[in-house]
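Being a predicted model, the structure only gives us computed values, none of them experimental.
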Amino acid sequence: MTGKAMRLKRVIDPAGVSVICALDHGMTAPTFLEPLADVAERTREAVAGGANVIMMSKGMIRVAEPAFSPTTALALLLSASANPGDPRPRIVRIAEVEEALRLGADAVVLYVALGGEHEAEMIRTLAEVGRACAELGVPFIAEAEWPTTYASTEELAGREGFEYLRRNVRLCAELGADIVKTNWPGDGESFGRLVEAANGIPVVLAGGSRLADLELLSRMEQAMAAGAIGCSVGRNIFMHERPEAMTRALSRVIRERWSAEKAHAALVEELGGGR
């Protein structure tokens, strides 16, 4: 387990937290998201703002690698969404843990969507990745999320229910995840119940669909109070008018335990006011 322990020191920083920027949406989004046309610049902005982990695909790391700092960890995505516009797209495995190691990854990531006719296949893939990560000493980030995150929290929670997320979190923890990423369930108390379901496995908050800055920071503050170790945020960083500033605001809530209001006020000042 030495290899996994060494890599986890880069994924979870010395303060015991993780600020992950997800730039892998070309693998999951139903449409192309324009800010990702310059993935190297989006990487540079996130790293400058305080992200210590960048999540991306095997194709884009070839482009973005110069923007990584010597201490930035790479979390390589192992899955893509087929028919991502569907309410329950099929998750397809597209890379191996060995590939991730050859590309210099410190962790691998698998999106886990339960329910529907492909659930057995999904659980089998989750177990296989957990097994390979244990054998090769690679940290495993399992995304225990709604079947799709391209809708509001309220819509998804109403459609799937809180127990969908709780079961997903627990299943990922049971099958070998070293970090579980999960969605905002609607309030801080419910998020705390997701942390409890992980039973000691670190949990990070997914950013999900685009939100107002203060709402995202408020969710992050509540998640940290409920036991999260950080975030994994994509669209709310790379689609922001100032990705570096937004990453810095999240980092302040996570690393320095600023309140959402204080971090938001600093963000507004950095943006020039009026937000």
Review point. Taking it one step at a time, do Arg219 and Thr153 satisfy side chain to side chain contact (heavy atoms under 4.5 Å, CB included)?
Key: CA-CA 12 Å; Arg219 291 183 184 185; Thr153 291; 3.3 Å; yes
Point to revise | Steps toward side-chain hydrogen bond (donor to acceptor under 3.5 Å, both in side chains) verdict (Ser218, Gln222) | key: CA-CA 6 Å; Ser218 177; Gln222 292 177 74; 3.2 Å; yes
**Study point:** Candidate pair Glu160 and Arg88, rule salt bridge (Lys or Arg N to Asp or Glu O under 4.0 Å), full reasoning
**Key:** CA-CA 11 Å; Glu160 304 294 339; Arg88 199 175 292 277; 3.0 Å; yes
Practice item. Apply side chain to side chain contact (heavy atoms under 4.5 Å, CB included) to the pair Leu175 and Ile123, showing each step before the final yes or no. Key: CA-CA 9 Å; Leu175 293 179; Ile123 293 173; 4.0 Å; yes
**Study point:** Candidate pair Phe140 and Val97, rule side chain to side chain contact (heavy atoms under 4.5 Å, CB included), full reasoning
**Key:** CA-CA 10 Å; Phe140 177 21; Val97 179; over 6 Å; no
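Taking CD1 from Ile141 and SG from Cys133, the interatomic distance works out to 9.5 Å, rounded to the nearest 0.5 Å. Note that CG of Leu250 is 7.5 Å distant from CE of Met220, once rounded to the nearest 0.5 Å. Rounding to the nearest 0.5 Å places OG1 of Thr148 at 7.5 Å from CZ of Arg159. Here His25 contributes atom NE2 and Leu36 contributes atom CG; the two are 7.5 Å apart, rounded to the nearest 0.5 Å. From Met55, atom CE reaches atom CG of Leu23 across 9.5 Å, with rounding to the nearest 0.5 Å. Atom CE of Met60 is separated from atom CZ of Arg62 by 6.5 Å, given to the nearest 0.5 angstrom.
Connection of Val253 to Met246 is established within a shared hydrophobic cluster, with ILVMFWY side chains joined at heavy-atom distances below 4.5 Å, either directly or through further cluster members. Criterion: ILVMFWY side-chain heavy atoms under 4.5 Å apart, direct or through other members. Under it, Val204 and Val108 are not part of a common hydrophobic cluster. Taking hydrophobic clusters as Ile, Leu, Val, Met, Phe, Trp and Tyr residues chained together by side-chain heavy-atom distances below 4.5 Å, Val129 shares a cluster with Val138. In this structure, Ile12 is a member of the same hydrophobic cluster as Val109, with clusters built from ILVMFWY side-chain heavy atoms closer than 4.5 Å. In the hydrophobic cluster analysis, where Ile, Leu, Val, Met, Phe, Trp and Tyr join through side-chain heavy atoms closer than 4.5 angstrom, Leu33 is grouped apart from Leu211.
With sequence neighbours left out, the salt bridge (charged side-chain N to carboxylate O under 4.0 Å, His left out) criterion links Glu270 to Arg242, Arg248. For Arg167, the salt bridge (charged side-chain N to carboxylate O under 4.0 Å, His left out) criterion is met by Glu119, not counting sequence neighbours. Residues passing the salt bridge (charged side-chain N to carboxylate O under 4.0 Å, His left out) test with Arg44, sequence neighbours excluded: Glu41. Scored by the salt bridge (charged side-chain N to carboxylate O under 4.0 Å, His left out) test, Glu65 finds no partners at all (sequence neighbours excluded). Applying the side chain to side chain donor-acceptor pair (under 3.5 Å) criterion to Glu221, with sequence neighbours excluded, gives no partner residue. Partners of Leu214 under the side chain to side chain contact (heavy atoms under 4.5 Å, CB included) rule, at least two apart in sequence or in another chain, are Ala260, His264.
Remark: the backbone N or O of Ser209 is paired with a side-chain donor or acceptor of Asn236 at under 3.5 angstrom. Remark: side-chain polar atoms of Glu215 are not paired, donor with acceptor, to backbone N or O of Ala212 under 3.5 angstrom. Listed for the Lys58 side chain is a donor-acceptor partner under 3.5 Å among the backbone atoms of Ile94. In this structure, the side chain of Asn52 does not engage the main chain of Ser18 through any donor-acceptor pair within 3.5 Å.
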Which atom pairs, one a donor and one an acceptor, fall under 3.5 Å between side chains of residues 69-87 and the rest of the protein, sequence neighbours left out?
residue, atom, partner, partner atom, Å
Ser69, OG, Thr71, N, 3.3
Ser69, OG, Thr71, OG1, 3.3
Ser69, OG, Thr72, N, 3.2
Ser69, OG, Thr72, OG1, 2.7
Thr72, OG1, Ser69, N, 3.0
Ser79, OG, Tyr111, N, 3.1

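Of all heavy-atom pairs between Val169 and Leu194, the closest is CG1-O, 3.5 Å. Among all heavy-atom pairs drawn from Ala64 and Thr43, the shortest one is CB-OG1, 3.6 Å. Heavy-atom minimum distance, Thr247 versus Ala51: CG2-N, 3.7 Å. The heavy-atom pair separating Lys262 from Ser259 by the smallest distance is N-OG, 3.0 Å. The two residues Trp146 and Tyr164 make their nearest non-hydrogen contact at CA-CE2, 3.6 Å. Across Phe162 and Pro185, no two heavy atoms sit closer than the pair CD1-CB, 3.9 Å.
Pairs of residues two or more places apart, or lying in two chains, never qualify as ring-ring contact (aromatic ring centres under 6.0 Å, His included) while including a residue from residues 58-108. For residues 6-28, the pairs satisfying salt bridge (Lys or Arg N to Asp or Glu O under 4.0 Å) are Arg10-Asp106, Asp13-Arg255, with sequence neighbours left out. Contacts classified as ring-ring contact (aromatic ring centres under 6.0 Å, His included) and involving residues 29-61 (residues at least two apart or in different chains) are not found. Among residue pairs with one or both ends in residues 122-134, those qualifying as salt bridge (Lys or Arg N to Asp or Glu O under 4.0 Å) are Arg93-Glu128; sequence neighbours excluded. Sorted pairs that involve residues 198-219 and meet ring-ring contact (aromatic ring centres under 6.0 Å, His included), not counting sequence neighbours, are lacking altogether.
Just one residue in the list Asn183, Thr182, Asn168 forms a side-chain hydrogen bond (donor to acceptor under 3.5 Å, both in side chains) with Glu145, and that residue is Asn183.
By the 4.5 Å heavy-atom criterion applied to side chains, Ile254 and Cys231 are counted as neighbours.
Cation-pi geometry between Arg235 and Tyr150 is met: under 6.0 angstrom from the ring centre, within 45 degrees of the axis.
Using a 4.0 Å cut-off between a side-chain N of Lys or Arg and a carboxylate O of Asp or Glu, Arg193 and Glu196 do not qualify as a salt bridge.
Heavy-atom contacts from other residues, nucleotides or ligands closer than 6.0 Å to CD of Glu163 number more than 12.
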